[in-house]
**Q** 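One structure is given below, represented as structure tokens, and several questions about it will come after.
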Amino acid sequence: MHNRILITLFMAAAATGLSGISLAQTPTPAPAAPPLFATTKVEGTENVYVFRYQNHQAMFVVTPAGVIATDPISYGRPQAAKTYLEEIAKITKAPVKYLIYSHHHYDHIAGGKPFKDAGAIVIAHRRAKERLAALKGLDVVIPDQVVDGKRTIKLGGTTLELIDTGRNHSDSSLVMLLPKEKIIFAVDFNALGAVPSRLAVNDSYPTEWEASLKRTLALKWDRQIPGHPGPGGRLGTREDMEKQLAFMTDLSTDVKKASDAGKCFDPAVKDVRLPQYATLQGYEQNIEWNIHRWCGYWGRGI
Ligand SMILES: [Zn+2]
């Protein structure tokens, strides 16, 4: 309906006192911004929580003997770690015994000092400790202990397995598996229904990433807590990971062909496309970065 007619009808309605009749549609309000942070108990569990701060997430597990926390997610915002600890304290008075890093990238693991000060033992992949010790990043706590291959943590009746499934989005990723709950906390190497972003492929290991996804899929889990909120805040599924693996396998095959034909980096970054994955979130923005990374691998040995 034309706007002028709507206005006329609205004025007529107002003039006749029919204020309850809505003839003109009010504009849809913009969706409210999500709160700065949120703590959510994972459905179907007794003691597994997700702490989200802006666009990052960490898992923590509450037991009578203490708390197992992961990723302080406080890069450039020290208040996030403080809030994280305050949120834990609302649930339990038990101490935080462990702080475990998913991998060494600062956006996930900077800002762990308040946890360390509270007595937590900081644990990470051996390579994460080596990298962090060399980088000496601002506000980064160097791990106290490292994981080589696999380590099992038992605390207050909860078992958490820390598993190195190989190099993927980084060379220091640990999959954290709760075998009873069949939940994993896995960060940045499985994009939920999305093409990996530029930052996700910058420090990555093509082909080894695929092998790591296969090893992760061989573990017994049903749900994945991701390091960034999934679409609508949902958790990850095995189907998400299978799709990520299929995307990477096809990407790798097609870029290898282009590379063998001498097309890397140009014109491959413009020519190679995977239309079967065009519905994945971020496809248009990120496909060239992915091709660039895989071209480096196949075409230059990088
Ligand atoms: Zn990362």
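Remember, it's 1-based here, ligands and their atoms both numbered in the order they're listed. Values in this document were obtained by computation on a predicted structure and should not be read as measured data.
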**Q** Once you measure the plane-to-plane angle for F51 and Y53, does it fall in the parallel (<30°), tilted (30-60°) or perpendicular (>60°) bin?
**A**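 Aromatic pair F51/Y53 classed tilted.
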**Q** Return the set of residues passing side chain to side chain contact (heavy atoms under 4.5 Å, CB included) with V50 (not counting sequence neighbours), or none when no residue passes.
**A** V42, Q57, I225
**Q** Per the ring pair (Phe, Tyr, Trp, His ring centres under 6.0 Å) rule, what does the pair list look like for residues 202-224, sequence neighbours excluded?
**A**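 The answer is none; no pair qualifies.
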**Q** Count the heavy atoms belonging to other residues, nucleotides or ligands that lie under 6.0 Å from CD of E242, then report whether that count exceeds 12.
**A** yes
**Q** After noting the C-alpha distance and the side-chain angles of D203 and S170, does the key distance pass the side chain to side chain donor-acceptor pair (under 3.5 Å) rule?
**A** CA-CA 6 Å; D203 184 28; S170 77; 5.4 Å; no
**Q** Sort by chain and number the protein N/O/S atoms that are closer than 2.8 Å to the Zn ion (ligand 1), and list them.
**A** H103 NE2, H105 ND1, H169 NE2, D188 OD2
**Q** Could you tell me which residues satisfy side chain to side chain donor-acceptor pair (under 3.5 Å) with Q54, sequence neighbours excluded, listed by chain and number?
**A**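 For Q54 the side chain to side chain donor-acceptor pair (under 3.5 Å) partners, ignoring immediate neighbours, are R77.
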